[in-house]
2 protein chains.
Amino acid sequence: MSKFDEIMKRSGYSKATVSRVINNSRHVSDEARQKITEIMKQLNYIPNRNAISLSTGQTKQIGIVTSTSNAIILSFMNQFIDTAMDFGFQTLIYTTRGDKDIELKAFEDLRSKRVDGLAIIACVNDPEKLKAYLEYGPIVSWQRMGNNEIPSVAMDQAEGYILALEHLVSKGYTRIANVFGRADSINTQSRRAAYETFMASKGLPVLKEAYQYWVFTSSDGEEAMRKMAKAPELPQAVLCSNDYAAIGILSEARKLHISVPDQLAIVGFDDVELARVLGITTIHNPIAEQATQAFHQLWAVLGRQKVEPEPLTYRLIERETT
Amino acid sequence: MSKFDEIMKRSGYSKATVSRVINNSRHVSDEARQKITEIMKQLNYIPNRNAISLSTGQTKQIGIVTSTSNAIILSFMNQFIDTAMDFGFQTLIYTTRGDKDIELKAFEDLRSKRVDGLAIIACVNDPEKLKAYLEYGPIVSWQRMGNNEIPSVAMDQAEGYILALEHLVSKGYTRIANVFGRADSINTQSRRAAYETFMASKGLPVLKEAYQYWVFTSSDGEEAMRKMAKAPELPQAVLCSNDYAAIGILSEARKLHISVPDQLAIVGFDDVELARVLGITTIHNPIAEQATQAFHQLWAVLGRQKVEPEPLTYRLIERETT
DNA sequence: TTGTAGGCGTTATCAG
DNA sequence: CTGATAACGCCTACAA
């Protein structure tokens, strides 16, 4: 016999009343509440979440989908988990390693009611295919998706990129190289477009031949620096996909005895703690705020309560690499 | 009517047979299996996890408890999540920020059957109190716990520490400072003891006055370096709680124009990617392997199948800071 | 091989 | 304010 039944029996009240006490319903006499509460304590009772979920159809669990996780993604996840917890939700992590089938399992878990909603950090499946899952629960994305059906909390990175470009140009750097992340991502397209139009508008050279893609980690950054060093001419500055790439570039530049920022200026992106420690000029990216907004978007559906998002902005943080 | 019922109806078979097909039972005729499978596809059926969990008493979910999460912890989590997934388990993250009550919620979730087991990365509650939860499901810890009831997959860090000490001494560094993490943790005690006995055995100075505690992040490392620089005499080398502390120390040393390793040698711990990129000598810590073993320990109970753990060892990685 | 009946632990809808 | 009674969706003896 379950503890619930035991409480029923010992108190002499019905299931319904016991349930009401558990859920703090007002429609219970003080007497009943006291008696039942007392017995619950004696029995060290705690409700079974699976029974609750089956009955209510809600699990109070949110899935978060990411292909890999680095420190940048971690800061998003941490904030998301915190916010979710404040609203009474637990978070499950789906790391997909870029595998479509594994990723799909997260979406199937929305269907099978393991989670009430999904936050996507990065995904590899076709957005058109994924949007079919919207009928099973709310989905929000950090990465910008191709279609508009799945809402995104991402900011337009072009804004941040232009901040960096203006900074560099104002300091006299005009031959500016770019080191991008995913070649096909919307963010990369957005940054590249910003760069090209900005440079063109100033009558400055657009170094397309210096574009590098798939540079994410500090190792990637090292590699990128070596490539740059091999080119006939070194650019005066390099804009990086993120701070880790910048760290790698900075570190490798030192090894190659390229003086920063005299021979090469470096600008990172995101403003992680290490960028500060290592003195890297970067663009502050309000990641935590975006994570909070991501949960709020889900909550708008799950809790039927809209939370107005505050507008977020990028900020240039000048340090020693420019 | 649920899809399950719909399948029953359309196929003409009973609940039991439908259930058998879902669970790949052998005791089903090919005819029944085919017919039911066909209908399941038509209906795009997927089982409700809450119903399964309620019925079986298993959620196939594991909780992972950590106070904060940095890149080191992240690598443990990632590997744990991966391994769990290979065994059909999803992982939920409990970040406690060092709050006892929040941490306790994770353990209560074991009681309420939200999770089948728990992996602790770091916890703040009294181990004596926590071990009471062992009756509700398996628990394993990375951090070493005071009692032996909760098994730990941690290695004795003294071994790794001695590797570092031997290396430094062999290179001629004899005035060695230490920068520790949590002052009261078993790891710190273990490292400190290793240092003191090792130095004593070699007849070398034990720099107790140079001990620094609570140094975890690169910011902490910067601060630690500044303190060292203020002391009347600089040590010849410093052993760090982890690589991030080492990064901070290295970075700050450069700012203070202290030449590494000539004036100050630095040894990190863990061997994270950035230690390689930045050329920091360190002790390789098989973190991923420990994470795998952590899940295996839980699996021994949940799956009633023991997986023999392979013995793990530390390794010195010599780079440019020594 | 198949079916019946009961159980898993709650919530929810009605009456009273 | 309280209590039957029926969901919720699936699993599992035990029988047939």
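Chain naming here is simple, since letters A, B, ... match the order of the sequence lines and numbering starts at 1 in each. The basis for the numbers below is simple: all heavy atoms, side chains too, and nothing from hydrogens, waters or symmetry mates.
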(Q) Under 4.0 Å, counting only non-hydrogen atoms across every strand here, what does L54(B) touch: a base, just sugar-phosphate, or nothing? (A) base
Q: Step through the shown structure and confirm whether more than 12 heavy atoms of other residues, nucleotides or ligands are within 6.0 Å of CG on D184(B).
A: yes
Q: Look at all strands and tell whether I7(A) reaches a base, only sugar-phosphate, or nothing, counting heavy atoms closer than 4.0 Å.
A: nothing
Q. Less than 3.5 Å between a donor and an acceptor, one on the side chain of K15(B) and one on the base of dT4(C), is that the case here?
A. no
Q.
Under the rule for ring-ring contact (aromatic ring centres under 6.0 Å, His included), what residues qualify as partners of F295(B), not counting sequence neighbours?
A. F80(B), F87(B), F89(B)
(Q) Base of dG9(D), side chain of S55(B) - is there a donor-acceptor contact under 3.5 Å? (A) no
Q: Would you tell me if any nitrogen or oxygen in the side chain of S19(B) comes within less than 4.0 Å of OP1 or OP2 on dC11(D)?
A: yes
Q: Measure the distance from CZ on R114(B) to C1' on dT10(C) and round it to the nearest whole Å.
A: 15 Å
Q) Quick one: on DNA chain C, does R33(B) or K3(A) contact a more 5' nucleotide (nearest heavy atom)? A) R33(B)
Q. Should K35(B) and E31(B) be marked as a salt bridge (charged side-chain N to carboxylate O under 4.0 Å, His left out) after you check the CA-CA gap, both sets of side-chain angles, and the distance that decides it?
A. CA-CA 6 Å; K35(B) 190 161 181 183; E31(B) 194 190 327; 6.0 Å; no
Q: Go through K41(A) and E38(A) one step at a time and tell me if the salt bridge (charged side-chain N to carboxylate O under 4.0 Å, His left out) criterion holds.
A: CA-CA 5 Å; K41(A) 268 188 197 146; E38(A) 174 58 27; 5.6 Å; no
Q) P47(B) has a side chain; which of dC10(D), dG3(D), dT12(D) sits nearest to it? A) dC10(D)
Q: Within residues 20-31 of chain A, find the residues that approach DNA chain D with a heavy atom at under 4.0 Å, and present them sorted by residue number.
A: R20(A), R26(A), H27(A), V28(A), S29(A)
Q) Angle, rounded to 10°, between the helical axes spanning five pairs at each terminus of the helix from dT1(C)-dA16(D) to dG16(C)-dC1(D)? A) 30°
Q: Could you tell me which non-hydrogen atom of S53(A) sits nearest to which non-hydrogen atom of N50(B), and how far apart they are?
A: CB-ND2, 3.3 Å
**Q.** Short side-chain N/O contact to dT10(C) OP1/OP2 from Y45(A), under 4.0 Å
**A.** yes
